[in-house]
Visitor: 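Dumping the structure here so I can ask a few things about it.
Below, read A as the first sequence line, B as the second, and so on, with proteins coming before strands; counting in each chain starts at 1.
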Protein chains: 2
Amino acid sequence: MDKALLEKFKDTLHTNGMKCTPARLSIFKEIYSSSEHFDADEIYFRMRQEKKSVSRATVYRTLDLLVENGFVSKVNVGASQVHFENTLAQEHHEHLVCTQCGKVIEFRNDMIEKQQDKICKKFGFFPTKHNLIIFGLCDKCQLRDN
Amino acid sequence: MDKALLEKFKDTLHTNGMKCTPARLSIFKEIYSSSEHFDADEIYFRMRQEKKSVSRATVYRTLDLLVENGFVSKVNVGASQVHFENTLAQEHHEHLVCTQCGKVIEFRNDMIEKQQDKICKKFGFFPTKHNLIIFGLCDKCQLRDN
DNA sequence: ACTGTAATTGAAACTCATTCTCATTTAGAA
DNA sequence: TTCTAAATGAGAATGAGTTTCAATTACAGT
């Protein structure tokens, strides 16, 4: 994982008067070790397997911290748990979610972004983030006999 | 509330071999008595107040039934509970949600819809529904000194 | 109208994700 | 090194939603 990124995280901790603990560092590394979506429990279990156990509470607390500081963002994929993705390793994008097999496809569309800005202006609304998710069937699941 | 709509609901129950019970009818009426968003517990409490109590379980079960049959749809408003809105009384639309005061503004934009179709075609994806939500500050909350 | 029966209901127990509590540990400033 | 506020882990608590099961009820067939 990117060394500069880790430094940026340490910086954020420092400038916010938060302690740079082993638990926080290893959760951060775990999250940035891949660019897939994940939920809190996945991180919790991945870390136990790697013998770098932290408590669930700490995973949840650290995720909150990371979201607040823009390192990670919440993604709605229609699941019962909150899903996350790291933000700095990748560009902003939206999601197609297959309701049959769970496959997630990412996409980006500038026209849609522009229209959103237009709409916000019209309503005098100041946007901070957005979330577009399209549910349906992926190519493979369309072929399967239900 | 629209009488034809109620008939349509009764029809749906009938053709699916489900019973037309007082609980189901009053939940249906309650939901269609306004076009606001709501969650399961709101319906539950509104009905107790009106002395038309049904159990929470029945509210949840009936909501599922209504979603499956297209009378109601789930809306993601970033809340911890699932939110709903009735579908037949209003057109499809998206949401602006103020993270400060909770105000919800509805909007509709054909350009965005068209772009979504394009994207789905590109990925061979068959869309069944979508959800666009923009979080931010409404006009009034922008003026307030935090 | 009456009966039989499968669907529906309510109450309470349960699940599951997440949050909270609190006693113990620890990072890092002095 | 010492001190202290911040962070941690373990487990209890919460809250939304689901399940279970015995009792009730809609309604198809008579």
Side-chain angles (χ1 to χ4, degrees), chain A residues 6-7 9-31 37-48 50-69 72-84, chain B residues 6-7 9-31 37-48 50-69 72-84:
Chain A
L6 190 59
E7 286 313 309
F9 178 50
K10 287 183 184 170
D11 248 45
T12 303
L13 289 175
H14 196 255
T15 56
N16 286 56
M18 300 166 114
K19 289 180 180 170
C20 180
T21 64
R24 282 174 178 164
L25 291 180
S26 38
I27 292 169
F28 186 81
K29 283 176 194 160
E30 187 61 47
I31 285 170
H37 291 173
F38 59 88
D39 62 45
D41 251 37
E42 265 167 58
I43 294 296
Y44 173 71
F45 281 113
R46 269 157 58 185
M47 294 187 68
R48 316 200 95 193
E50 298 167 25
K51 309 281 179 208
K52 302 188 172 175
S53 294
V54 284
S55 70
R56 265 209 186 73
T58 299
V59 171
Y60 279 101
R61 288 187 279 231
T62 304
L63 279 169
D64 281 352
L65 178 173
L66 291 171
V67 168
E68 259 165 46
N69 290 284
V72 158
S73 65
K74 295 188 182 183
V75 230
N76 164 30
V77 211
S80 59
Q81 331 87 308
V82 176
H83 280 237
F84 301 90
Chain B
L6 189 60
E7 286 313 309
F9 177 50
K10 287 183 185 169
D11 248 44
T12 303
L13 289 176
H14 196 255
T15 56
N16 286 56
M18 300 167 113
K19 289 181 182 171
C20 179
T21 64
R24 284 174 177 163
L25 291 179
S26 38
I27 292 169
F28 185 81
K29 282 176 194 161
E30 188 60 48
I31 285 169
H37 290 173
F38 59 87
D39 61 45
D41 252 36
E42 265 167 58
I43 294 296
Y44 173 71
F45 282 112
R46 269 158 58 185
M47 294 187 67
R48 318 199 95 193
E50 299 168 25
K51 309 281 179 209
K52 301 189 172 177
S53 295
V54 284
S55 69
R56 266 206 184 75
T58 299
V59 172
Y60 280 102
R61 288 189 279 230
T62 304
L63 279 169
D64 282 351
L65 179 172
L66 291 171
V67 169
E68 260 164 44
N69 291 283
V72 157
S73 65
K74 296 188 180 184
V75 230
N76 164 29
V77 210
S80 59
Q81 331 87 309
V82 175
H83 279 238
F84 301 89

Visitor: Could you state the CG-C1' distance from N16(B) to dT8(C), rounded to the nearest angstrom?
Guide: 15 Å
Visitor: Does dT9(C) have its OP1 or OP2 closer than 4.0 Å to a side-chain nitrogen or oxygen of R24(B)?
Guide: yes
Visitor: With distance as the sole criterion, do the side chain of R61(B) and the base of dG17(D) form a donor-acceptor contact below 3.5 Å?
Guide: no
Visitor: Check whether any side-chain N or O of N16(A) sits under 3.5 Å from a backbone N or O of M18(A) as a donor-acceptor pair, and report yes or no.
Guide: no
Visitor: Mind calculating the distance between OH (Y44(A)) and P (dT8(D)) to the nearest angstrom?
Guide: 15 Å
Visitor: Taking only N and O in the side chain of T21(B), is any of them less than 4.0 Å away from OP1 or OP2 of dA26(D)?
Guide: no
Visitor: Give the rounded distance in Å between these two atoms: NZ of K10(B) and P of dC27(D).
Guide: 10 Å
Visitor: So, does T58(B) get its side chain near the phosphate of dG10(C), meaning an N or O under 4.0 Å from OP1 or OP2?
Guide: yes
Visitor: Counting only side-chain heavy atoms from C-beta out, which of dG17(D), dC27(D), dT19(C) sits nearest to C20(B)?
Guide: dC27(D)
Visitor: Taking the minimum atom-to-atom distance to the side chain of A57(B), which one of dT19(D), dG17(D), dT18(C) wins?
Guide: dT19(D)
Visitor: Over how many whole Å does the gap from D39(A) atom CG to dT19(C) atom P extend?
Guide: 13 Å
Visitor: May I ask you to verify if any side-chain N or O of Y60(A) is less than 4.0 angstrom from the OP1 or OP2 atom of dT19(C)?
Guide: no
Visitor: Given I27(B), which of T58(B), T21(B), L65(B) fulfils the side chain to side chain contact (heavy atoms under 4.5 Å, CB included) condition?
Guide: T58(B)
Visitor: Please state how far atom CG in L13(B) lies from atom P in dA28(D), giving the value in whole angstrom units.
Guide: 12 Å
Visitor: Taking the minimum atom-to-atom distance to the side chain of K19(A), which one of dA6(C), dA10(D), dG28(C) wins?
Guide: dG28(C)
Visitor: Among the nucleotides dT19(C), dA17(C), dG10(C), which one has an atom lying closest to any side-chain atom of V54(B)?
Guide: dG10(C)
Visitor: At what distance, to the nearest 0.5 angstrom, does CG of D11(B) lie from CG of N69(B)?
Guide: 11.5 Å
Visitor: Rounded at 0.5 Å granularity, tell me how far CD in E30(B) sits from NZ in K52(B).
Guide: 7.5 Å
Visitor: Specify the separation, in whole Å, of atom CG of L63(B) and atom C1' of dT9(C).
Guide: 16 Å
Visitor: Between R56(B) and H14(B), which is nearer to the 5' end of DNA chain D once each is assigned its nearest nucleotide?
Guide: R56(B)
Visitor: Roughly how many Å is it from CD in E42(B) to P in dG15(D), rounded to a whole number?
Guide: 16 Å
Visitor: Choosing from dT18(C), dA26(D), dT19(C), which nucleotide comes nearest the side chain of A40(A)?
Guide: dT18(C)
Visitor: Quick one: label A23(B) by what it contacts on the DNA or RNA (base, sugar-phosphate, nothing), any heavy atom closer than 4.0 Å.
Guide: sugar-phosphate
Visitor: Looking at T15(A) and T12(A), would you say the former's side chain and the latter's main chain have a donor-acceptor pair under 3.5 Å?
Guide: yes
Visitor: To the nearest angstrom, how far is M47(B) atom CE from dT9(C) atom C1'?
Guide: 13 Å
